[in-house]
Amino acid sequence: MTESWNPADQAVLTLPSGRLIRGRGLRNPLPEGLEPEFTVHLLGRTPPPVRWESRWLRWPDFRLPADPDEAGDVLEEVWRRAPNERVEVACGGGMGRTGTALACLAVLDGVPAGEAVAFVRSGYHSRAVETPWQRRYVRRFTGRRAGWRRAGQPRAAAPVSSPWRRRGPS
């Protein structure tokens with residue numbers, strides 16, 4: 001396992017499982033310190049070249065992913081790689097698309113879909129997930145493997161060990 005992100009860094013979200021994922025705005029300079037080992041670029045156009053492994057998920061600004069099935073696959077790959085690698089998701093400003101992707105990753109990690117936006121806003125940035133349709137996308141996200149569900153359909157239970165599920169008085 002390689003050296004991980006510092007969970008105290010402002011742009012690093014700690015998921016309930018302990019996975020660390022960095023969010024980033026590409027219009028800002030690359031943060032000092034460790035470089036990612038894997039980045040997913042959430043852009044409507046071809047991303048800039050980087051020195052490390054990356055994937056491009058076509059996702060126009062203020063919109064939703066062009067291919068929801070591909071988005072599910074890519075986000076599951078980020079989630080699977082996060083325990084052993086420094087992974088990041090990045091869009092132009094680091095708020096809307098990045099926040100939406102981070103919220104979907106929180107759902108994959110066991111945060112209830114209806115609470116994932118609040119989870120990301122409290123742990124990453126208060127303005128993450130910018131548009132109503134991005135919030136709706138997160139509420140409906142279950143991941144590729146679980147399939148997409150329609151509103152009103154039951155969702156799979158979150159892992160019992162998730163600290164996000166143990167909120168409330170101690």
Side-chain angles (χ1 to χ4, degrees), residues 1-26 28 30-43 47 50-59 64-65 67-113 115-125 128-129 134 137-148 155-167:
M1 186 165 137
T2 61
E3 186 178 354
S4 186
W5 297 122
N6 180 351
D9 286 351
Q10 181 179 0
V12 174
L13 177 68
T14 303
L15 294 174
S17 65
R19 286 172 167 84
L20 302 173
I21 301 171
R22 183 169 79 179
R24 181 163 70 97
L26 296 169
N28 301 321
L30 185 66
E32 290 186 24
L34 299 171
E35 288 185 341
E37 294 171 298
F38 179 65
T39 297
V40 172
H41 293 105
L42 311 166
L43 299 169
V50 292
R51 294 182 296 272
W52 52 87
E53 186 180 355
S54 66
R55 265 185 92 173
W56 173 32
L57 178 60
R58 188 180 298 272
W59 192 331
L64 299 176
D67 182 341
D69 288 335
E70 181 186 13
D73 290 343
V74 169
L75 292 173
E76 282 191 356
E77 180 180 0
V78 168
W79 186 83
R80 280 192 310 272
R81 293 175 79 155
N84 301 310
E85 298 177 56
R86 290 185 304 277
V87 296
E88 74 174 1
V89 291
C91 67
M95 300 287 176
R97 294 166 286 179
T98 296
T100 302
L102 290 171
C104 290
L105 290 163
V107 171
L108 289 174
D109 207 55
V111 175
E115 299 174 25
V117 171
F119 177 83
V120 170
R121 286 180 174 172
S122 68
Y124 171 68
H125 195 285
V129 192
Q134 289 171 340
Y137 182 82
V138 172
R139 283 193 309 271
R140 295 179 177 176
F141 183 81
T142 61
R144 176 86 170 94
R145 225 174 306 126
W148 300 91
R155 66 182 303 279
V160 175
S161 64
S162 171
W164 185 253
R165 303 291 272 166
R166 287 183 263 160
R167 294 180 314 181

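In this text, all values refer to a predicted model and were calculated from it rather than measured experimentally.
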Any non-hydrogen side-chain atom of [X] less than 4.5 Å from a side-chain atom of [Y]?
X	Y	answer
Ile21	Trp79	no
Leu64	Gln134	yes
Val50	His41	yes
Pro36	Trp5	yes

Can you see which heavy atom on [X] is nearest to which on [Y], and at what distance?
X	Y	answer
Ala113	Phe141	CB-O, 4.2 Å
Val117	Ala128	CG1-O, 4.5 Å
Tyr137	Pro65	OH-CG, 3.5 Å
Ala116	Val138	CB-CG1, 3.7 Å
Ser122	Phe119	OG-O, 3.0 Å

Per-pair distances, 0.1 Å, donor-acceptor, side chain in residues 87-102, under 3.5 Å, sequence neighbours excluded:
from: Glu88; atom 1: OE1; to: Arg22; atom 2: NE; distance (Å): 2.9
from: Glu88; atom 1: OE1; to: Arg22; atom 2: NH2; distance (Å): 2.8
from: Glu88; atom 1: OE1; to: Arg24; atom 2: NE; distance (Å): 3.1
from: Glu88; atom 1: OE2; to: Arg24; atom 2: NE; distance (Å): 3.2
from: Glu88; atom 1: OE2; to: Arg24; atom 2: NH2; distance (Å): 3.0
from: Glu88; atom 1: OE2; to: Thr39; atom 2: OG1; distance (Å): 2.9
from: Arg97; atom 1: NH1; to: Leu42; atom 2: O; distance (Å): 3.1
from: Arg97; atom 1: NH1; to: Trp59; atom 2: O; distance (Å): 3.0
from: Arg97; atom 1: NH2; to: Asp61; atom 2: OD1; distance (Å): 3.4
from: Thr98; atom 1: OG1; to: Cys91; atom 2: N; distance (Å): 3.1
from: Thr100; atom 1: OG1; to: Gly96; atom 2: O; distance (Å): 2.7

I'd like to check the side chain to side chain donor-acceptor pair (under 3.5 Å) partners of Arg121; sequence neighbours left out, ordered by chain and number. none
How would you list, by chain and number, every residue that makes a side chain to side chain donor-acceptor pair (under 3.5 Å) with Glu37, sequence neighbours excluded? Thr2
Residues in side-chain contact (heavy atoms from CB on, under 4.5 Å) contact with Asn28, at least two apart in sequence or another chain: none
Report the residues that fulfil side-chain contact (heavy atoms from CB on, under 4.5 Å) with Glu53, sequence neighbours left out, ordered by chain and then residue number. Phe38, Arg81
Ignoring hydrogens and geometry, is there a side-chain-to-backbone donor-acceptor pair from Asp67 to Asp69 under 3.5 Å? yes
Set of salt bridge (Lys or Arg N to Asp or Glu O under 4.0 Å) partners for Arg58, sequence neighbours left out: none
Please report the interatomic distance [atom1]([X]) to [atom2]([Y]), rounded to the nearest 0.5 Å.
X	Y	atom1	atom2	answer
Leu26	Leu43	CG	CG	5.5 Å
Asp109	Arg19	CG	CZ	5.5 Å
Leu75	Leu57	CG	CG	6.5 Å

